[in-house]
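Here is how names work: the chains are called A, B, and so on, in the same order as the sequence lines, proteins then strands, and each is numbered from 1. Bear in mind the structure is a predicted one, so any value in this text is a computation, not a measurement. All heavy atoms count here, side chains included; hydrogens, waters and symmetry mates do not.
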Amino acid sequence: MKYQIVIAGFGGQGVVFLVKVLAICAGNRNIAFLGTENHGMSQRGGSVSCDIKIGDFTNPVIDKNQADLMIALEKNEGLRNLAFLKLSGTLVTNAKDKDKYPELPFKGFAKIDAFKKAENGEFPIQGLNVYMLGFALVNDKNFPFSVQEVKDAITQINTKVAEQNIVILEQAMRDAKESK
Amino acid sequence: MKQTLMGNDAIAWGLIHANVDMISGYPGTPSSEILSEVQKIKHKLNLDIYAEWGTNEKVGFEVAYAGAIAGRRTCATMKQVGLNVASDALMSAAYIGNLGGMLLIAADDPGFHSSQTEQDSRVFAKFARIPVLDPATPQDAYDLTKYGVELSEKFQIPVMLRPVMRVCHAREIIEMDDETNFKPNKGEFKRDVPRWGAVPRVGRFAQGVEQLNRMEVIKEYNWDHLLKKEFDKCEGKNRVLIITSGTGYGFAKETLSDLNLEADVVKVLMPYPLPVEQMRDRFKSYDKVLVVEEPYPCVEEQIASPNVYGKNTNSIHNIDEMSKEEILKAFVNIGLYEGENIYATPPSLDFEVETRPPALCPGCPHRDVYYAITKVFKKKKAIYPSDIGCYTLAIAQGAIDSILCMGASVSMASGFALSDPDKTVVATIGDGTFFHSGIAPLINAVYQNHKFILVILDNSTIAMTGRQTTPSRENKNIDIKKIVEGMGIECMEHHYSYEMQDNVDFFREVKKIHADATGPTVVVVREFCILDGERAPEFIPNIFAKVDPELCIACDQCTTVYKCPPMAYNEDGVIEIDPFLCAGCGGCLDVVCPTDAFVQDFDYLKRGN
Ligand code: SF4
Ligand code: SF4
């Protein structure tokens, strides 16, 4: 298998947590992977993007036009990184309903206003990253791991908050199916 | 045993599995997690290891080096610019050598992700004449850490490990020792003044000769144990040979396979010293040899021959980090590839997105302090030298005019005060940087009566690199105010307040005092780091902000001068606060907005927070 995923967001959104979840999924199934984080000088609030390449790769960075999936935790961070996604890939993004979204040439595209849902109290805003992961699980039909594998990885990272995270994941999957 | 690890964690395990029992250094991205991970493992497994931060890299290096002289296995960690600080000690250590193994880890940052320079520590190893190992992946980093310690002990010379950011911060599944049978060594210093006492000339000349001989021996060792088998693997059926070092290997391999090309690839694990003759001999069977390495032409310069291509022949990019696109272009340049650029951005996606320039964290007290400084000391009549740390990000607020290297804010303040005496020089430095290298230049300023204001921003943490504790918080309370007073000058003190007017009033007072001063005016502002889980909750008032859209007149004040990340214009052209990011510091409610559009958001907690 070869599958390359870019996760884009800003500092404080838990981008690195998602990379860890995917890394553990791969590790548990004993599939090789290489991942890397990209955050330079930014602290909370600066752009962060992470790459994870699942399968037989020899460098951790995703080049332009190569990614199969991008999970964007915020609209502009997604748009900023579009060059890395290949045209046959899928973009899953959090974007406000009222925002205008450009026409994009990708095969797969799904967006949701997760900020609004968090503001309405549908899930705690700290869980936005897990929410978007759940949304991606439903919207990317080639997603390399099963729901159970993702849940196991979430539990492995931190048992204390796993239960809450899994509730958020399931809710995101329900919302994704409904919005289809 | 298989483990999913980040490169720096892999290095930490490598040190422990090599029985390294003294580690010191100074934090710096991308190296910082190495020492903190050792500390974590030490506590978890209850190991007898010394793993502590030094006040700067030179101190860190010297502590580790003395340990290695006394026969222990030691390590010093730092980033590439930190090695500049430690280089004085390194150059001498490279002549004198050691008894126990000493690994010097200098993490490079090709691509300037979080550094002022892109410098190549491998070249520094070459300059100092010590061997250097260049890992390509976290797995290599683990293996070469252990190997480097052994080599250092074998040849009695510090060995450098040079991982780059894409190794330090890369993650993969690693095969490592099943068990941790950590056996700390007992040090025993054996007096040998002619060896350990570096006085010129006779002894040093002899050591210089030894150093040259040692490099010849290690060159042969490099060929016999590492390089020869790499060359033997090549079938020589290809026209092109690619010589790689570090991450160059992974990038070159992937580009070849993406483009369906054939070429022999040799991975150099020890880029200095190189067995040049043996290597050149093998080049004869190829039309062209391409060197893929980053960031400087370190290998390329050593092996230069008419059929060797690289940075010095302008065949491959000379600046910025590795990417497959650059390697593809190099293949085109040397005539190995003629097809299309498969890594190009599709033209329809080439649009601009609003940037998110690096900024101080929401709720960070530095922002308010800088805001107050620029309100009191007006731009036209002031110069603001600053330093390296989180507060450097206040450059976005227009509150910083110069940044050079650790500690330079103070000495540059002296220089600006001397050269442009009509302006008020207001220098800023963090507590970590002050301890690192700000004290000596302040002594100089007192010594020579240079007139400027120095603001020491004391948040009691090395915040930029992951919140390592500063000297003031361990063991004894080392108080900056008393250090300054020890120099015979008064030190004004202010406790940061989220009510902006207090900060402004304090700096008005500073201005008055400074007007009558003849030498430096020093102030210490006691702050906290918003990400410091231990201390921040005591200080954050949990006053969340929102913007009254009727009052916002889109004057740009908050987005250009104050710059808290949650603030941005919305579709209706008024400022809105991103509730995901607001830290509840209340800092923007006072002074910042001319129409007082920022108001407290009492509903904030109801939003699931
Ligand atoms: S990490 Fe701490 S010191 Fe640095 S910008 Fe954020 S709050 Fe300020
Ligand atoms: S209260 Fe204001 S200054 Fe403080 S974090 Fe929120 S938006 Fe920023």
Side-chain angles (χ1 to χ4, degrees), chain A residues 10-13 19-20 23-24 26-27 30-47 52 57-61 63-66 74 76-80 82-87 96 98-100 102-105 115 118-128, chain B residues 2-4 6 112-114 136-138 165-166 169-173 247 249-251 253-254 258 321-325 342-346 348-351 353-364 390 392-393 463-464 530-531 564-566 571 578-581 583 606-609:
Chain A
F10 52 76
Q13 285 194 307
V19 174
K20 283 193 191 155
I24 291 179
N30 208 1
I31 308 176
F33 72 88
L34 265 165
T36 184
E37 295 153 27
N38 202 349
H39 37 73
M41 288 257 291
S42 59
Q43 303 277 314
R44 273 186 61 122
S47 298
I52 177 154
F57 290 98
T58 51
N59 91 71
V61 185
D63 255 74
K64 282 184 276 177
N65 220 343
Q66 302 293 305
E74 192 269 343
N76 277 348
E77 293 309 319
L79 294 179
R80 197 187 314 289
L82 283 182
F84 297 99
L85 196 57
K86 54 185 175 201
L87 297 183
K96 296 207 174 108
K98 57 181 179 186
D99 282 353
K100 285 192 282 300
E103 282 288 321
L104 296 176
F115 282 142
E119 276 180 49
N120 292 342
E122 293 178 42
F123 66 86
I125 199 148
Q126 295 87 341
L128 181 105
Chain B
K2 285 199 158 79
Q3 283 263 38
T4 292
M6 201 171 78
F112 310 84
H113 291 277
S114 39
T137 57
M165 190 273 253
R166 297 298 182 190
H169 288 171
R171 221 179 274 276
E172 69 171 340
I173 301 173
T247 48
Y249 178 77
F251 282 84
K253 278 288 227 195
E254 256 185 55
D258 287 357
E321 70 172 327
M322 200 69 77
S323 77
K324 291 198 279 186
E325 186 173 14
I342 59 165
Y343 308 121
T345 312
S348 62
L349 297 179
D350 229 355
F351 49 76
V353 181
E354 211 182 297
T355 53
R356 209 180 263 282
L360 293 163
C361 297
C364 177
C390 270
T392 310
L393 297 167
M464 188 97 204
I530 184 87
L531 301 180
C564 188
E571 305 263 292
D578 181 340
F580 184 85
L581 284 173
K606 291 186 201 138
R607 293 200 200 123
N609 264 276

> Of all the heavy-atom pairs spanning A:A23 and B:T4, show the shortest one and how long it is.
CB-CG2, 4.2 Å
> Check whether any side-chain heavy atom of B:F251 lies under 4.5 Å from a side-chain heavy atom of A:V61, and answer yes or no.
yes
> A:F115 versus chain B, heavy atoms under 4.5 Å apart: side chain, backbone, both or neither?
side chain
> To check you understand the geometry: which heavy-atom pair defines the closest contact between B:T345 and A:A83, and what is its length?
CG2-CB, 3.6 Å
> Would a 4.5 Å heavy-atom cut-off, applied to side chains only, mark A:N59 and B:K253 as touching?
no
> Hey, does B:R171 have a side-chain heavy atom less than 4.5 Å from the side chain of A:V19?
yes
> Roughly how far, to the nearest 0.5 Å, is the CG atom of B:D578 from the CD atom of A:E119?
8.0 Å
> Name the region of B:M322, side chain, backbone, both or neither, that has any atom closer than 4.5 Å to a heavy atom of chain A.
neither
> Within a strict 4.5 Å, meaning less than it, do heavy atoms of the B:K324 and A:K64 side chains meet?
no
> Do the charged groups of B:E571 and A:K96 touch, with an N to O distance under 4.0 Å?
no
> Please classify the contact between A:E77 and chain B as side chain, backbone, both or neither, with a heavy-atom cut-off of under 4.5 Å.
side chain
> How long is the span from the CD atom in A:Q66 to the CG atom in B:D258, to the nearest 0.5 Å?
5.5 Å
> Can you tell me which portion of B:L349 sits under 4.5 Å from chain A's heavy atoms? Options are side chain, backbone, both or neither.
side chain
> Quick one: do A:E74 and B:R356 satisfy side chain to side chain contact (heavy atoms under 4.5 Å, CB included)? Show the steps, please.
CA-CA 12 Å; A:E74 192 269 343; B:R356 209 180 263 282; 3.3 Å; yes
> Measure distances from B:A136 to the heavy atoms of chain A and classify the residue's part below 4.5 Å as side chain, backbone, both or neither.
neither
> Of all the heavy-atom pairs spanning A:F33 and B:E172, show the shortest one and how long it is.
O-CB, 3.3 Å
> With a 4.5 angstrom heavy-atom cut-off, is it the side chain or the backbone of A:I31 that approaches chain B, or both, or neither?
backbone
> Taking all heavy atoms of A:G27 and all of B:I173, pick out the closest pair and write down the distance.
CA-CD1, 3.7 Å
> Without swapping roles, check the side chain of A:D63 against the backbone of B:Y343 for a donor-acceptor pair under 3.5 Å.
no
> Would the distance check show the side chain of A:T58 and the main-chain N or O of B:G250 forming a donor-acceptor pair, the cut-off being under 3.5 Å?
yes
> Could you check A:R80 against B:E354 for salt bridge (charged side-chain N to carboxylate O under 4.0 Å, His left out), going step by step and ending with a plain yes or no?
CA-CA 8 Å; A:R80 197 187 314 289; B:E354 211 182 297; over 6 Å; no
> Let me know if B:S323 has heavy atoms under 4.5 Å from chain A in its side chain, its backbone, both or neither.
both
